[in-house]
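Only a predicted model underlies this, so the values are computations on that prediction, with no experimental measurement involved. Whatever order the structure lists them in is the order used to number ligands and atoms, beginning at 1.
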Amino acid sequence: MGFAGKGDGTRAGIDRPAEIGFKNLMSSVVEVGLGARSYPIHLLDEGSEGIRAEVARLREARRGCALLVDAGLAEAQGEFVERAFGDMPVLKLPGGEKTKSLEQLGRVWDFLAESGIDRQGRLFVAGGGVIGDLGGFAAASYLRGIDFYQVPTTLLSMVDSSVGGKTGINIAACKNLVGAFHQPRAVFIGTGLLATLPESEFHSGMGEVIKYGLLGDAKLFEQLRGGGPLSATSKELPEVIRRCCEIKAEIVRADEKEEAGSGGRALLNLGHTFAHAVEQAAGYGEYLHGEAVGLGLVMASALSRELGYLSETDVETIRETVRAYGLPVVLRSPVPTDALLAAMRRDKKVKEGRLRFVVLRRLGEAMTVDDVDETIVTALWRHYGGNNGESGKDFPG
Ligand SMILES: NC(=O)c1ccc[n+]([C@@H]2O[C@H](COP(=O)([O-])OP(=O)(O)OC[C@H]3O[C@@H](n4cnc5c(N)ncnc54)[C@H](O)[C@@H]3O)[C@@H](O)[C@H]2O)c1
C-alpha cells in the first residue's frame, strides 16, 4: 500500500479502501465521481466492519483519528460505536438543529486541537445530518481543512446530507447560512442502524426520499406511493437508499457547487424554499427538517399546478404520499404569512432579489424557475396555514 497522492491533494493510493480487499465486506458501493476528489459510498448492513478496516489502515499509516458522534446514537448504538471506532478521542454532541451553532462548532475545533489532530489527521463524523453538517464544517475549517468521513445514521443523512459535501451551521439570520463545500473521503452507511431510529425521524427522512422520486425517478415515486409505506425494517429499504444516493451522486457530479444557470444541483432543493421558511418562521425545532420538506413538497406541487405543469390529481397524489409517511401537509399551527415570506427572501436561493423555486414539470422531473409572481406564493402560504388572522387550515391542499 503506497502513499501516492500524499501532499499533492490527490486521492490515490492510501485513500482507496478497495486496495485492502474491502470488496468482500461490502454489499454495495456507489461512487461520487468528482475526479481527484471522488469517493465511495459504502452500503453495508451494519457498517462497523468497513469503518474498522479503514481505522486500522489509518493507524498503520500513523494518522491521528478523532470521532465526533451524535449523543443519541452513542446511547442507542453504543456497541456499534465501540466496535467501529475503537478507542480514538471522542466528542459527543446532541442531535437536533440547535447543535448546528457557532458555539458547538467552537467546541469541535477545540476538541480537534486537544486531540492533537494535525493536517494528516482524520475526523470521523457519526450521526444524523446535524452532526454531519457541523462536523463536516469543522473539518473544512480546522487547519484550513482536514479530511473527514461521513457515517450517517439517520435515514435523512443516509439518503441526502452525508453525500455531496455541503457542510455548515445556522446563524440567527438564517438556516445553513455559513458553511463550505468539503467532500468527505468516504461515506459508510449501515442500514441496520435504522432499527433504533425513532419513527418520527424515520418519517422525516422519508420526506427527502419522496423528494428524490419526485425530482428524478418516477418509478421510485410510484414504489413509495403504491407499495404501502416503507418502514425501517422493510426489505426494500436498502435498495431505496442506494437509489437516492445514486441520484444525488449523479446530480453532484454534474454540478458540484450549484453553479448551473438552471437545473443542476439546485433541483435537490425541491420543496426546500418552502421548508426552510417553515423551519425558520415557526422556530427551529418546531418541525423536523424532513417534516418541513414534506409540507414543502406539497406546496411545490401546488405551485407547479399554478404554473400549469401538474394536474390537480398529481397534487393530490403527492399530498397523499406525504401524508402516508406521517408528514404534515399543512402548517400544524398558524404562522404569520409575513414572517414566512421574509424568511424566504433571506434564503440562499434568492437570486438577484428574485425568489428561485424548483417546480415539477411532471412526476419524476423537476426544473428551476426564477420569475414566480409573489402574489401566487403569498396565496399558497395562506392556503397551507400561513395566517394574518385566519388559520387557512380548512383549505383542501
Ligand atoms: N448537507 C446537506 O446536503 C443536507 C441535506 C439535507 C439536510 N441537511 C441537514 O440535516 C439536518 C437534519 O438531519 P437529521 O434529520 O438526520 O437530524 P439529526 O441529526 O438531528 O438526527 C435526528 C435524531 O436522531 C438521533 N439518531 C441518529 N441516529 C440514530 C440511530 N441510528 N438510532 C437512534 N437515534 C439516532 C439523533 O440523536 C437525533 O436526536 C438539518 O440540519 C438539515 O439542514 C443537510
- Quick one: which of E201, K166, H276, E208 has a heavy atom closest to atom 22 (C) of ligand 1? E201

- Message: Is it the case that ligand 1 has an N or O less than 3.5 angstrom from some N or O of K100?
- Response: yes

- Task: May I ask you to identify the nearest protein heavy atom to atom 3 (O) of ligand 1, giving residue, atom name and distance to one decimal place in Å?
- Result: K248 NZ, 3.4 Å

- When you check the side-chain N and O atoms of T317 and D314, is any donor under 3.5 Å from an acceptor? no

- For K175, counting its heavy atoms only, list the atoms of ligand 1 lying under 4.0 Å from any of them. 40 (C), 41 (O), 42 (C), 43 (O)

- What protein heavy atom sits nearest atom 37 (O) of ligand 1, and how far away is it? D70 OD1, 2.5 Å

- Message: Counting only nitrogen or oxygen atoms and a 3.5 angstrom limit, does G129 reach ligand 1?
- Response: yes

- Task: Report, as yes or no, whether the 6.0 Å neighbourhood of atom CZ on R59 holds more than 12 heavy atoms from other residues, nucleotides or ligands.
- Result: yes

- Query: Below 4.0 angstrom, N of the basic side chain to O of the carboxylate: do R52 and E49 qualify?
  - Reply: no

- Message: Working to the nearest 0.5 angstrom, can you tell me the gap between I51 CD1 and F80 CZ?
- Response: 4.0 Å

- Heavy-atom contact under 4.0 Å between E291 and ligand 1? no

- Check each atom of ligand 1 against the heavy atoms of G72 and keep those under 4.0 Å away; list them by number with element. 37 (O)

- Quick check: does T196 get an N/O under 3.5 Å from an N/O on ligand 1? yes

- What residue and atom, counting heavy atoms only, is the protein's closest point to atom 40 (C) of ligand 1, and at what distance? E97 OE1, 3.3 Å

- Message: Taking only non-hydrogen atoms of G164, do any sit less than 4.0 angstrom from ligand 1?
- Response: no

- Task: Decide whether an N or O pair under 3.5 Å exists between L156 and ligand 1.
- Result: no

- Heavy atoms only: which of L134, V130, N176 is nearest to atom 19 (O) of ligand 1? V130

- Task: Looking only at distances, please establish whether an N/O atom of ligand 1 is found under 3.5 Å from an N/O atom of T154.
- Result: yes

- What is the ring orientation for H203 with Y325, classed by angle as parallel under 30°, tilted 30 to 60°, or perpendicular over 60°? perpendicular

- Query: Does atom CG of L143 have more than 12 heavy-atom neighbours from other groups under 6.0 Å away?
  - Reply: yes

- Should we say atom CD of E236 is surrounded by more than 12 heavy atoms from elsewhere, each under 6.0 Å from it? yes

- Message: Regarding ligand 1, does P198 bring an N or O atom to under 3.5 Å of one of the ligand's N or O atoms?
- Response: no

- Without hydrogens or angle criteria, can the side chains of Y149 and R122 be said to hold a donor-acceptor pair below 3.5 Å? yes

- Task: Evaluate the ring planes of F274 and W381, with Trp represented by its six-membered ring, and classify them as parallel (under 30°), tilted (30 to 60°) or perpendicular (over 60°).
- Result: perpendicular

